[in-house]
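Chain naming here is simple, since letters A, B, ... match the order of the sequence lines and numbering starts at 1 in each. For clarity, every value in this text was computed on a predicted model and none was experimentally measured. Values below: all heavy atoms of this structure, side chains included; hydrogens, waters and symmetry mates excluded.
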Number of protein chains: 2
Amino acid sequence: MGKNISDIYNMLQEIAWHFGNHGFDEECCEDLSLVEFMALKKVCDNKCFSIQEIGNALNFTKSGATRIIDRLENKGYAIRERSPVDGRVCCVAVTAEGKLVISKVTEQYTVYLEDMLKGLEPQKIESIKDALKTMIELIQRQESIQSDDE
Amino acid sequence: MGKNISDIYNMLQEIAWHFGNHGFDEECCEDLSLVEFMALKKVCDNKCFSIQEIGNALNFTKSGATRIIDRLENKGYAIRERSPVDGRVCCVAVTAEGKLVISKVTEQYTVYLEDMLKGLEPQKIESIKDALKTMIELIQRQESIQSDDE
DNA sequence: ACATGATAGTTGACAACATCAACCACTATG
DNA sequence: CATAGTGGTTGATGTTGTCAACTATCATGT
């Protein structure tokens, strides 16, 4: 049984490698690094996402998060606004250009993945999707347990 | 359909994030970075793995690969030997300590994943394994296509 | 045999990036 | 209103990967 599980881990690691930072030959997402792209996606999902929240979501320190948002802002994909509720926190928001770049990159990836998956029966694709969804849920549950500990 | 595929991509990216470099709170694998660990695993799988092959396998330049092997050698997990067949190439090999650290880390991960997956029916786990295996095969096929292009 | 070109690996200079610690600005509490 | 706490920024720093130039070895043709 342990062997089975460690196989799964190794496969997850391979996949993580491929779809993570090292799977790209050149630039990953237009003029964004993967880190920046992930941050932008998080920002896009939320109304008023603070710097620290970004850091927590992506496992960065707050100064790391500051730097990432700096870069996104310089590229014109995000903006900082002071929160009206609490003058200390920054509400980070996507710009129109930010939204555009996300959809552009997503489109690109979809084509890529579609090509990769073509030839599989739809039913097989569905089962992959199911499996991934289960994994995501497990990850999220586990993350919420971790944050309870703190 | 496109929506379905882009969902899959987003999930893959989430998973890649979690099991990749940014999913760790602290050190990832004993005293190794993820990159070093991946390289060590590759080395371990092959008898006489050259520096360039490591670079290709992990998407690094040859000088990057040199640096990674430097680190592994300094930590005592790998050794360089000149190939007897071709005096230019380095055969990188794992040391006993290298093997030890791999099995130690693998053990650790297995426990972690086992805990994460407990509660799922064995049948569900099997279907996850299947899905991952399919993904890996697709990745490998696609990589071999890429290397044909060059 | 030897000149020429290709290939494997190394190295110095460099740039990108994330962290730490110190700091500033604002908020909350007594 | 003093004090402590929190969110965010910044300078200094260390790690890490790339580029280009270099050395050493091999392969080829004459």
| request: Check whether any side-chain heavy atom of A/N10 sits under 4.5 Å from a side-chain heavy atom of B/K41, and report yes or no. | output: yes
| query | Going by heavy atoms in the side chains, are B/R71 and B/R67 under 4.5 Å from each other? | reply | yes
| Would you call the rings of B/F60 and A/W17 parallel, tilted or perpendicular if under 30° counts as parallel and over 60° as perpendicular? | tilted
| query | So how far is it from B/M116 CE to B/H18 NE2, rounded to the nearest 0.5 Å? | reply | 4.5 Å
| Given B/K47 and B/E81, is the salt bridge (Lys or Arg N to Asp or Glu O under 4.0 Å) satisfied, shown in steps? | CA-CA 12 Å; B/K47 190 73 193 162; B/E81 286 160 7; over 6 Å; no
| Roughly how many Å is it from CD in A/E81 to P in D/dG8, rounded to a whole number? | 14 Å
| field | Annotated protein contacts, base or backbone, on nucleotides 7-23 of chain C with a non-hydrogen cut-off under 4.0 Å, one of B, S, - each | value | BBBBBBB----SBBB--
| Spacing between A/N21 atom CG and D/dT18 atom C1', to the nearest angstrom | 14 Å
